[in-house]
Amino acid sequence: MTSLKDPYSRTIDYLRLAVTDRCNLRCVYCMPPEGVPHLSHDDILTYEEITRVLKVAVGAGISKVRLTGGEPLVRKDLDRLVSGIASLRPSLDISLTTNGTLLAAQAEKLAAAGLRRVNISIDSLREETYRSLTRTGRLADALEGVEAALEVGMDPVKINVVVLSHLPEELDDFVRLARRLPVHVRFIEYMSPCGTFDGDYYVPAETVRKALEEYGDLRRCEPPPGAGPARYFSLPGARGTFGFISPVSSHFCPECNRLRLTADGKLRPCLFSPDEIDLLKAMREGAGDGDILEAIRSSLAAKPRDHGGLANGSPGRTMSQIGG
Ligand code: SAM
Ligand code: SF4
């Protein structure tokens, strides 16, 4: 089996793919109220172009692909892309990060196309807080998305929760959710350099972990598949687990296995690296598969050892533009 390595001998087997920069929500920490200027249709990779890049990437050693954005489910017929990617290799691990609000209507088609697992971002389980954090979202829609994902057999279903200052007070709601449903609740530290909010939002994940100890015998446990840098814990009586992703308090660069492809076709070796290689332009100017492979290798050659601490860097574009 071929593999891709970066200059620090890390094996790179995971591609995060932004399928769009557009979103139906306006989360306060991710987008300004008016949204960010949209790329035009012609400036984003077609499904055929994405599949072509992935064919080369999978041939070179990528074994996990995550579809993200922006909100991936606002792009028309996403199941068509999923099935194109799934046909590249049966063992390919394809996942999706979504706000879930459009998932109920698409879960069945996506599962049939080959999507096996999903991460759904829900930062609050209280209608009012959810609305104020997303500016436009309806909590009921996101929860219907969770139910639909479970119904069609997606496994694991993870719930992404960015740890914001409201969370300690609302932690109870997430404990109840993981008791009721077999979902893995993952608390993610807010990264201010890729956020749009200037206020004091940062709460260390450790604060939440300590607060969870109040609910019973919190124990380290086996992570669900695709756990990445998260550490997982179980609580007695809960069907789901609790994960912690701490990019700020203990960054996970030494284990980084990621490469990114933005909606406008730029290869990015690190969320925080401004080094981008324009694959869309190259392909539209006639680049062959060998050139795509060369571009992937060049991007990895530029992968930094680490991002130098989140206080020092800015990705230059928002998470929704790069692919969160
Ligand atoms: N729209 C989809 C969603 O919300 O899941 C996919 C894209 S979104 C950018 C991916 C993830 O990044 C979400 O879980 C979101 O909460 C998270 N995110 C966005 N900005 C962030 C930030 N500044 N710090 C930490 N997580 C962030
Ligand atoms: Fe949209 Fe996801 Fe950003 Fe929220 S976090 S605005 S849902 S891209």
Side-chain angles (χ1 to χ4, degrees), residues 16-36 38-39 65-75 78 95-103 106 117-124 129-139 141-142 145-146 149 157-167 174 183-205 208 228-230 243-249 251-252 258 260-263 268 271-272 307 310-311 313-324:
R16 288 182 77 98
L17 170 70
V19 299
T20 180
D21 61 328
R22 297 181 186 222
C23 186
N24 57 334
L25 302 187
R26 295 282 179 272
C27 299
V28 286
Y29 53 81
C30 179
M31 285 207 189
E34 66 283 7
V36 289
H38 284 157
L39 294 166
V65 178
R66 175 168 297 280
L67 311 183
T68 178
E71 173 47 46
L73 297 182
V74 300
R75 188 151 174 193
L78 191 71
S95 56
L96 171 74
T97 298
T98 172
N99 62 42
T101 56
L102 304 170
L103 185 57
Q106 301 185 45
R117 57 196 189 88
V118 68
N119 291 5
I120 303 176
S121 307
I122 305 181
D123 297 327
S124 168
T129 319
Y130 182 85
R131 165 65 64 138
S132 78
L133 287 172
T134 60
R135 293 200 184 97
T136 56
R138 266 181 19 112
L139 176 63
D141 295 337
V146 174
V157 173
K158 299 178 190 165
I159 308 295
N160 282 356
V161 184
V162 177
V163 181
L164 305 172
S165 44
H166 73 279
L167 184 69
F174 288 100
V183 294
H184 306 276
V185 179
R186 309 185 327 149
F187 299 105
I188 305 171
E189 285 176 343
Y190 172 63
M191 296 183 283
S192 53
C194 24
T196 51
F197 186 78
D198 291 332
D200 182 16
Y201 254 176
Y202 175 66
V203 177
V208 182
F244 296 89
I245 304 183
S246 317
V248 181
S249 60
H251 67 83
F252 38 78
R258 301 166 177 201
R260 292 171 187 268
L261 182 60
T262 64
R268 238 190 199 239
L271 179 59
F272 290 89
H307 52 55
L310 286 182
S314 156
R317 300 211 250 172
T318 65
M319 287 278 265
S320 64
Q321 290 169 320
I322 300 167

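Small disclaimer: the values here were computed from a predicted structure and weren't measured. Counting convention: from 1, in listed order, for ligands and their atoms alike. These numbers come from the heavy atoms of this one structure, side chains and all, not from hydrogens, waters or symmetry mates.
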Undergrad: Testing the 3.5 Å rule here: is there a donor-acceptor pair between the side chains of Thr20 and Glu71?
TA: no
Undergrad: Does the side chain of Phe174 come within less than 4.5 Å of Leu167's, by heavy atoms?
TA: yes
Undergrad: Taking 4.0 angstrom as the limit and counting only heavy atoms of Tyr190, give me the atoms of ligand 1 inside it, by number and element.
TA: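 Close to Tyr190: 22 (C), 23 (N), 24 (N), 25 (C).
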Undergrad: Which of these passes side chain to side chain contact (heavy atoms under 4.5 Å, CB included) with Ile120: Asn99, Leu96, Thr101, Val157?
TA: Val157
Undergrad: Hey, are the side chains of Asn24 and Thr136 touching, using non-hydrogen atoms and a 4.5 Å cut-off?
TA: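 Not in contact.
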Undergrad: Taking the side chain as every heavy atom from C-beta outward, state whether Thr97 and Asn160 have any pair of such atoms under 4.5 Å apart.
TA: yes
Undergrad: Please check whether Thr98 reaches ligand 1 - meaning an N/O of the residue sits under 3.5 Å from an N/O of the ligand, judged on distance alone.
TA: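 Among all N and O atoms of Thr98, at least one is under 3.5 Å from an N or O of ligand 1.
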Undergrad: Quick one: does Asp21's side chain have a donor or acceptor within less than 3.5 Å of a partner on Leu39's backbone?
TA: yes
Undergrad: Measure the shortest side-chain to side-chain distance between Ile122 and Tyr130 over non-hydrogen atoms and say whether it is less than 4.5 angstrom.
TA: yes
Undergrad: Relative to the heavy atoms of Asn160, which atoms of ligand 1 are at a distance of less than 4.0 Å?
TA: 14 (O)
Undergrad: What closest approach, in Å, do Pro32 and Val36 show between heavy atoms, and which atom pair accounts for it?
TA: CD-CG1, 3.8 Å
Undergrad: Would Gly70 count as a contact residue for ligand 1, given that I'm defining contact as a non-hydrogen atom of the residue lying under 4.0 Å from a ligand atom?
TA: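 The answer is yes: ligand 1 sits under 4.0 Å from a heavy atom of Gly70.
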Undergrad: Output all residues satisfying salt bridge (Lys or Arg N to Asp or Glu O under 4.0 Å) with Arg131, sequence neighbours left out; order by chain, then residue number.
TA: none
Undergrad: Check each of Ala142, Cys23, Ser121 against atom 14 (O) of ligand 1 and report the one with the nearest heavy atom.
TA: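 The nearest heavy atom belongs to Ser121.
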Undergrad: Where the side chain of Arg16 meets the backbone of Leu271, is there a donor-acceptor pair that is under 3.5 Å apart?
TA: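 No; zero donor-acceptor contacts below 3.5 Å.
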Undergrad: Using a 4.0 Å cut-off to any heavy atom of Thr68, which atoms of ligand 1 qualify?
TA: 6 (C), 7 (C)
Undergrad: Counting C-beta onward and ignoring hydrogens, is there a side-chain heavy-atom pair between Arg66 and Arg117 closer than 4.5 Å?
TA: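 SC-SC contact between Arg66 and Arg117 confirmed.
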Undergrad: Report, in ascending order of atom number, the atoms of ligand 1 lying under 4.0 Å from any heavy atom of Thr97.
TA: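 It comes down to these atoms of ligand 1: 2 (C), 5 (O), 6 (C), 10 (C).
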Undergrad: Examine the proximity of ligand 1 to Val162 and report which part, side chain or backbone, both or neither, has a heavy atom under 4.0 Å away.
TA: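 Side chain only.
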Undergrad: So, the side chain of Arg135 versus the backbone of Arg26: is there a donor-acceptor pair under 3.5 Å, distance only?
TA: yes
Undergrad: At less than 4.0 angstrom from any non-hydrogen atom of Asn99, what atoms of ligand 1 do you find?
TA: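 Listed by number with element, the hits are 2 (C), 3 (C), 5 (O).
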Undergrad: Heavy-atom contacts with Glu189 under 4.0 Å: which atoms of ligand 1 show up? List them by number with element.
TA: 25 (C)
Undergrad: Applying a heavy-atom cut-off of 4.0 Å, say which part of Asn119 lies close to ligand 1: side chain, backbone, both or neither.
TA: neither
Undergrad: Based purely on interatomic distance, does Tyr29 place a nitrogen or oxygen under 3.5 Å from a nitrogen or oxygen of ligand 1?
TA: yes
Undergrad: Looking at CG of Leu164 and OG of Ser124, how far apart are the two atoms once the value is rounded to the nearest 0.5 Å?
TA: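 If we round to the nearest 0.5 Å, Leu164:CG and Ser124:OG are 9.5 Å apart.
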Undergrad: Under 3.5 Å between some N or O of ligand 1 and some N or O of Gly69?
TA: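 Looking only at distances, the answer is no, because the N/O contact criterion of under 3.5 Å is not met.
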Undergrad: Go around atom 3 (Fe) of ligand 2 and count every protein N, O or S atom nearer than 2.8 Å.
TA: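 If we list every protein N, O or S atom nearer than 2.8 Å to atom 3 (Fe) of ligand 2, we get 1.
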Undergrad: Are any of the N/O atoms in Glu71 less than 3.5 Å from those in ligand 1?
TA: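 Among all N and O atoms of Glu71, at least one is under 3.5 Å from an N or O of ligand 1.
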